[in-house]
Engineer: 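Input: one structure, supplied below.
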Amino acid sequence: MKIYLVFIINLIISSLSFAQSEVVIKVANVIGDAPNGRMPLHTGLLQKQISEKIYKNTKGEINFEILPGKRPDIPVFIMPDMTAKGDVIQATIVLSLFLTRVPEMLIQSIPFLFESDEHSRRFMNSEIDNWLSKKVEKAYNVKVLGSFHHSNAASVNSITPILKVEDFNGKILNDFSESWQPLWQNIKPKEITYIGYNDAVNGKLTEDGVKTEVTIGMLQNNHSQKLHERYKHLTLMPNMYNIYYTVLSTMTYGINYRLFKKRALTAQ
């Protein structure tokens, strides 16, 4: 019994000391430099602002250390699981498409879901956004601190102009995301393939004999896929599908609940 009491007392003292010193939380993210270029910089700036605000609001007690993106030791698709484990990283800033255990997230990928940039911003912290956050917390055993908007227009490269949605009718189409399937209930392409980014970079969409007439993708990837060599027409669609979620290890959140709840997230 004495040994047990001594252990509990030491644990309480250690917890109090930990809470009073600077808490460093390593945050993984998908933004960073790569051989093919850099992801949009404004998202990185938002992450920096989040980090600075938390540091300021906790008077330096919590340091959100944003790690460089595209790290081979922290693969994007297992970031939420690594966050839940909490040893290498304790938080993650991850876009909704990588939260695959919550299929409802794909609603954000449906084209033309939002009418405008301002409309998509109203989604954040809405009843639906909070509902999805609860599902993420349950599926990954993490705490969702919040979400922020990352506007990414989809690009449509085609051999003939695409001026309206009906222009997809009768075309051989390569779709970058199966979440666009609701669009094809009324619009009927001749054929739909799902050639991914890695294959596209190796020429699958531009090589001799390719049948594809229209390909949907991300604008920043066009140069590496050399789509302009075959697809002479480019259309940008204001499809605001990329909303990022900041998730935290539940253990880290629990230990530092006072700081996060009372100061980091509520102070203005």
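Just so you know, these numbers use all the heavy atoms, side chains as well, and skip hydrogens, waters and symmetry mates. Residues: numbered from 1 along the sequence shown. From a predicted model like this one, the values you see are computed outputs, not experimental measurements.
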Engineer: Provide the closest heavy-atom pair for L99 versus M105 in the form atom of the first, atom of the second, distance.
Structural biologist: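 Distance-wise, the nearest heavy atoms are CD1-CE, 4.0 Å.
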Engineer: With a cut-off of 6.0 Å (strictly less than), are more than 12 heavy atoms of other residues, nucleotides or ligands near NZ of K26?
Structural biologist: no
Engineer: Mind listing the closest non-hydrogen atom pair of Q225 and A200 along with its distance?
Structural biologist: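 Taking every non-hydrogen atom into account, OE1-CB, 3.3 Å.
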Engineer: Over all heavy atoms of both residues, which pair between Y140 and R101 is shortest? Give the atoms and the distance, please.
Structural biologist: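 Between these two residues, the closest heavy atoms are OH-N, 2.9 Å.
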Engineer: Under the side-chain contact (heavy atoms from CB on, under 4.5 Å) criterion, do E65 and I25 qualify, and how do the steps go?
Structural biologist: CA-CA 6 Å; E65 182 183 340; I25 298 175; over 6 Å; no
Engineer: Tell me the closest heavy-atom pair linking S249 and A84, and the distance in Å.
Structural biologist: OG-O, 4.1 Å
Engineer: In the structure I gave you, are the side-chain heavy atoms of L227 and L205 within less than 4.5 Å of one another anywhere?
Structural biologist: yes
Engineer: Just by distance, do the side chain of E137 and the backbone of V144 share a donor-acceptor pair under 3.5 Å?
Structural biologist: yes
Engineer: Same cluster or not: L236 versus L163, using hydrophobic residues (I, L, V, M, F, W, Y) connected whenever any side-chain heavy atoms lie under 4.5 Å apart?
Structural biologist: no
Engineer: Distance check, rounded to the nearest 0.5 Å: S51 atom OG versus K56 atom NZ?
Structural biologist: 13.5 Å
Engineer: Could you state the interatomic distance from CD (E229) to CG (N157), rounded to the nearest 0.5 Å?
Structural biologist: 12.0 Å
Engineer: How far does CG of D175 sit from OG1 of T193, to the nearest 0.5 angstrom?
Structural biologist: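 Separation between the atoms: 8.5 Å.
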Engineer: Report yes if the side chains of L145 and V247 come closer than 4.5 Å at any heavy-atom pair, otherwise no.
Structural biologist: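 Side chain of L145 against side chain of V247, heavy atoms only: no contact under 4.5 Å found.
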Engineer: What's the spacing between S158 OG and L234 CG if we round to 0.5 Å?
Structural biologist: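 Spacing of OG (S158) from CG (L234) equals 8.0 Å.
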Engineer: Can you tell me if N130 uses its side chain to pair, donor with acceptor, with the backbone of E127 under 3.5 Å?
Structural biologist: no
Engineer: I'd like to know if the side chain of K85 reaches the main chain of D81, judged simply by a donor and an acceptor atom lying under 3.5 Å from each other, with no hydrogens or angles considered.
Structural biologist: no
Engineer: Going by heavy atoms in the side chains, are V214 and T160 under 4.5 Å from each other?
Structural biologist: no
Engineer: Can you pull the salt bridge (Lys or Arg N to Asp or Glu O under 4.0 Å) pairs that have at least one residue in residues 191-213, sequence neighbours excluded?
Structural biologist: E191-K211
Engineer: Rounded to the nearest 0.5 Å, how far does CE of M82 lie from CD1 of I89?
Structural biologist: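 Going from the CD1 atom of I89 to the CE atom of M82 covers 5.0 Å.
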Engineer: Under 6.0 Å between the ring centres of F98 and F77?
Structural biologist: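 Yes.
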Engineer: Would you mind reporting whether I50 and K48 have side-chain heavy atoms less than 4.5 Å apart?
Structural biologist: no
Engineer: Answer yes if the side chains of N174 and T212 hold a donor-acceptor pair under 3.5 Å, and no otherwise.
Structural biologist: no
Engineer: For the residue pair D167 and K171, what are the closest heavy atoms and their distance?
Structural biologist: O-NZ, 2.9 Å
Engineer: Would you say that K226 contacts Y231 through its side chain, given a criterion of any heavy-atom pair below 4.5 Å between the two side chains?
Structural biologist: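 Counting from C-beta outward, K226 and Y231 never come under 4.5 Å.
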Engineer: I'd like to know if the side chain of N29 reaches the main chain of P68, judged simply by a donor and an acceptor atom lying under 3.5 Å from each other, with no hydrogens or angles considered.
Structural biologist: no
Engineer: Can you name the residues that form a side chain to side chain contact (heavy atoms under 4.5 Å, CB included) with K232, not counting sequence neighbours?
Structural biologist: none
Engineer: Taking atom OG1 of T235 and atom CD1 of I162, what is their separation to the nearest 0.5 Å?
Structural biologist: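 Answer for the OG1-CD1 pair, T235 versus I162, is 6.5 Å.
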Engineer: Suppose we screen for side chain to side chain donor-acceptor pair (under 3.5 Å). Which residues come up paired with D129, at least two apart in sequence or across chains?
Structural biologist: S147, Y245
Engineer: Residues two or more places apart in sequence or in another chain: which of them pass ring-ring contact (aromatic ring centres under 6.0 Å, His included) with F123?
Structural biologist: F114
Engineer: Under a single-linkage definition using a 4.5 Å side-chain heavy-atom cutoff for Ile, Leu, Val, Met, Phe, Trp and Tyr, are L95 and I128 assigned to the same hydrophobic cluster?
Structural biologist: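 L95 clusters together with I128.
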Engineer: Is atom CD1 of I187 surrounded by more than 12 heavy atoms (other residues, nucleotides or ligands) closer than 6.0 Å?
Structural biologist: yes
Engineer: With a 4.5 Å cut-off on side-chain heavy-atom distances among I, L, V, M, F, W and Y, is there a chain of contacts connecting L67 to Y55?
Structural biologist: no
Engineer: Side-chain contact test, heavy atoms from C-beta onward, threshold under 4.5 Å: evaluate it for V142 versus L248 and give yes or no.
Structural biologist: no
Engineer: Mind checking ring-ring contact (aromatic ring centres under 6.0 Å, His included) for F168 and listing every partner two or more places apart, or none if nothing turns up?
Structural biologist: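 With sequence neighbours excluded, F168 shows a ring-ring contact (aromatic ring centres under 6.0 Å, His included) to W184, given in chain and number order.
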Engineer: Please name the pair of heavy atoms, one in T250 and one in N141, separated by the smallest distance, quoted to 0.1 Å.
Structural biologist: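 Heavy-atom minimum between the residues: CG2-O, 3.4 Å.
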Engineer: Looking at residues at least two apart in the chain, or sitting in another chain, which of them share a salt bridge (Lys or Arg N to Asp or Glu O under 4.0 Å) with E166?
Structural biologist: none
Engineer: Do V210 and I216 land in one hydrophobic cluster if side-chain heavy atoms of ILVMFWY residues count as linked below 4.5 Å?
Structural biologist: no
Engineer: I want to check something: taking the side chain as every heavy atom from C-beta on, are Q90 and T83 in contact at a cut-off of under 4.5 Å?
Structural biologist: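 No, every pair of side-chain atoms sits at 4.5 Å or beyond.
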Engineer: Counting C-beta onward and ignoring hydrogens, is there a side-chain heavy-atom pair between E61 and E22 closer than 4.5 Å?
Structural biologist: no
Engineer: Assigning hydrophobic clusters by single linkage (Ile, Leu, Val, Met, Phe, Trp, Tyr; side-chain heavy-atom cutoff under 4.5 Å), is I74 placed with V76?
Structural biologist: yes
Engineer: Between N169 (side chain only) and K188 (backbone N and O only), is there a donor and an acceptor less than 3.5 Å apart?
Structural biologist: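 Judged by distance alone, yes, a pair lies under 3.5 Å.
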